[in-house]
Amino acid sequence: MYGDLANKLILEAKRTQQLSQAGFNKQQLPVYQDELVRGILKEVGSLKKNVDYLREQQLTDQDNKVAQCQYVVAMLSMERNKRCLLAYQKMRSEMLDSMVWDNNGMEFSSAISNHPNLSSFDSSVLSHAEQEYLKEYAQLLTELKSGELSEIDLTGMLQPPSDVFIDVRVLKDAGQIETEYGVFNLIKDSQFFVRQSDVERLIQQGYLQKI
Amino acid sequence: MGYYDIDDILADGTRFPCRFNYDVPGLGYLEGNPGRPISKNAKLELPLWMVHLLAVVGAQSNEDSRVEEPLPFVELLPPDLFAPRVLNAIKSGATSLDLHSISPHFYTLAEKWATLFSDKELSQVLKDMLLERGQEINNHAISVSMFSNCNQTNDSAVFLQTLDEFEKTIYRDTNVNCKEMKKWLVLK
Amino acid sequence: MALPRDLSIGFSPQEIQFLIENEPTRIMPRITTRKTKKQLAKDPGAQWSLITCDDSTVNNMVAMNSCEVTLWLALLLKQQGKCNVVVPSWLTLQQLEKYLDFELKNPSRFSNLPWNWLVVSSLLFARCSDDFQDPVHLLRSKVQDLREVRLGKVNKGLQYLNESHLQLENLSLMEINEMRPYACGIMDKLRTIHDSSNDTT
């Protein structure tokens, strides 16, 4: 039946949405459903052939009711497939967008994979087009940040600052950090009383936790 | 709801019983008999995205299109979803109803149905049901503790399984908001 | 996508605190920053200039003369021991009693508490507990009672939600924000249901 493959794709999209909402690992996208997408595209191709044939028939034979109904059903099936494909793609690209914003526009090269939240981002879950999209979107974001608004940190903390100095606890070993007040040695589970503006970046990256 | 909204697309995929008003050749695959026509008055279960348009669009008869309104291709029969027994169950006990088992997209489907048929009674029942169930959802959502581990009691967990998709989003939003609020109150 | 969902459906409590901290309050400074002409001529020193609020009062403080600064500045000065905060007039045991009585007597209305009472009271209790005349633990319990009564009323009033009209007289920003996602979601849905059967016929 036309539209069954599309239904499967949408169920996959819904599952992805629920996974991301459950918040287990916000950065994981399931693998791109290449075969499903190709199947749906083939279906649309065969529907298009039907539609072309029916349109020819309609021009020659003025028996409206019959041909119209078939034509309408074929068109509706094509539109349904299109809608499902677009929604699946849009949902994945929105998740990629929020990943880029969350990670300060960092590119997902293997060099950055020592980020605590981004334990093992596997770019093989993305289709080729999506990988391109990710690279270009990250580029776009860096351009935005370095343009006229470079003084405002657009991907900075979303929580307003509360005190000048705050207590932080170290979550992960991260070597030495230099501030104007001295050098801090970041060893796991140690606590420091530091200026908020200095450590904001580190809190965002997940190395420190505000108490 | 939106073109790209996943829940809307899923709701559109629900099947509804309908009856064809014409003999239509070539659509036999809908019945499972490819290559054969569908006879007039055949009853089928078709998904909403297909039926939606066919129930509104009529076929023009050849000569006298001026006489009456053309019959639509398909006539939607009242589905089980909105059968009187369901409506009665809603009216008698909305909060204890297992909405998820009736349909996980009940509100969306009811809205679409009410738009198609201008069914004022259905929308009134729906509004009352939403208010009642909404209060229950609010009670569950705000009475959670701050720790994200013990998120719900057993009652809440059972209740959550009976909610449909829209109610689940409301619950989630309210819950997150209240948790943030309680965390802030305690920290201050 | 740039703004996560939980921030786009309502304020976070930290954001509300930040907004309220920008409101003016009265303090009693212990230092003097006002300089006479002679002093200015001798040693100009540093004049404060603040971006987000009016800096004239900070530059003109005279010890033990009350003046008005923003709340965040007041809390900062308090932390450094340079001022005493003047407790607002509604945060006394007597006044809170009156509010509580009004709440209990009128189950369908809310008393006339200031719009930022929840945040201001919790901030002042936490940082300036020695500036209160009345004992802080009693005040805290009164504030807690007030909050519970009002919360109960809000939850009861939710049964009167409809698709077109919502009246929230005398509710504080924090309390409105608490019910914002719920009320907006439900009201939106009610509106679409209402429209679905009342299409222009």
Side-chain angles (χ1 to χ4, degrees), chain B residues 1-2 7-8 94-95 106-143 146 164-188, chain C residues 4-18 118-127 140 143-144 147-148 151-152 154-163 174-201:
Chain B
M1 289 304 290
D7 286 317
D8 202 29
T95 45
F106 192 77
Y107 287 98
T108 323
L109 291 174
E111 257 178 76
K112 289 190 206 268
W113 185 268
T115 327
L116 271 179
F117 293 99
S118 294
D119 194 347
K120 284 204 180 20
E121 200 213 314
L122 178 64
S123 70
Q124 191 58 43
V125 166
L126 207 62
K127 269 193 268 191
D128 296 332
M129 173 170 76
L130 180 61
L131 265 181
E132 266 194 68
R133 285 176 75 87
Q135 284 179 71
E136 193 65 28
I137 294 173
N138 192 38
N139 286 342
H140 281 269
I142 63 181
S143 63
M146 280 187 323
D164 98 335
E165 293 301 313
F166 165 73
E167 293 174 332
K168 280 200 196 127
T169 39
I170 296 275
Y171 177 84
R172 211 173 294 130
D173 291 339
T174 323
N175 198 11
V176 160
N177 203 35
C178 285
K179 261 205 286 208
E180 287 295 307
M181 176 80 177
K182 291 209 177 121
K183 255 201 287 199
W184 180 86
L185 269 179
V186 166
L187 274 184
K188 269 291 144 249
Chain C
R5 185 178 163 83
D6 25 324
L7 284 179
S8 53
I9 52 179
F11 289 117
S12 74
Q14 290 90 355
E15 287 176 343
I16 296 188
Q17 180 186 329
F18 191 73
L118 204 49
V119 178
V120 166
S121 54
S122 43
L123 278 176
L124 291 181
F125 288 155
R127 321 251 184 124
R140 254 193 236 253
V143 161
Q144 192 63 22
R147 173 163 156 74
E148 277 168 19
L151 195 60
V154 163
N155 284 334
K156 217 162 59 90
L158 287 175
Q159 56 179 301
Y160 298 115
L161 278 179
N162 61 25
E163 74 271 1
M174 202 55 130
E175 292 166 332
I176 295 181
N177 189 57
E178 238 183 310
M179 63 163 199
R180 193 190 309 261
Y182 176 77
C184 289
I186 298 278
M187 281 178 77
D188 247 345
K189 194 68 173 178
L190 282 174
R191 182 182 52 85
T192 44
I193 295 177
H194 184 82
D195 285 342
S196 68
S197 66
N198 288 0
D199 266 339
T200 48
T201 37

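The CG atom of C/Leu158 sits 9.5 Å away from the CG atom of B/Leu131 when rounded to the nearest 0.5 Å. Atom CD in B/Glu180 sits 12.0 Å away from atom CD in C/Glu178 (nearest 0.5 Å). Rounding to the nearest 0.5 angstrom, the gap separating the OG atom in C/Ser196 from the CH2 atom in B/Trp113 is 13.0 Å. Taking NZ of C/Lys189 as the start and OH of B/Tyr107 as the end, the distance is 8.5 Å to the nearest 0.5 Å.
Taking C/Gln159, C/Arg180, C/Arg147, C/Met179 one by one and counting their heavy-atom pairs under 4.5 Å with chain B, the maximum is reached by C/Gln159. The greatest number of non-hydrogen atom pairs below 4.5 Å with chain B, out of C/Gly10, C/Pro13, C/Gly185, C/Ala183, is found for C/Pro13.
Counting heavy atoms from C-beta outward, C/Tyr182 and B/Asp173 have side chains that stay 4.5 Å or more apart. Residues B/Ile137 and C/Ile186 fail the side-chain proximity criterion, which asks for heavy atoms closer than 4.5 Å. Residues B/Met181 and C/Leu118 have side chains in contact (heavy-atom distance under 4.5 Å, counting atoms from C-beta outward). C/Val119 has its side chain within reach of B/Trp184: a pair of non-hydrogen atoms, C-beta onward, lies under 4.5 Å apart.
With a 4.5 angstrom heavy-atom cutoff, C/Ser12 does not touch chain B via any of its atoms. Looking at C/Phe125, neither its backbone nor its side chain comes within 4.5 Å of chain B, counting heavy atoms on both sides. Contact annotation for B/Phe117: neither backbone nor side-chain heavy atoms come within less than 4.5 Å of a heavy atom of chain C. Of the atoms belonging to B/Ile142, it is side-chain heavy atoms, and not backbone ones, that fall under 4.5 Å from chain C.
For the residue pair B/Asn138 and C/Asn155, a side-chain donor N or O sits within less than 3.5 Å of a side-chain acceptor on the partner.
Here the rule is side-chain contact (heavy atoms from CB on, under 4.5 Å) with C/Ile193, and of B/Val125, B/Thr115, B/Leu126, B/Leu122 only B/Leu126 fits it.
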Dump the intermediate steps for side chain to side chain contact (heavy atoms under 4.5 Å, CB included) on B/Asn177 and C/Ile9, then the final yes or no. CA-CA 9 Å; B/Asn177 203 35; C/Ile9 52 179; 5.7 Å; no
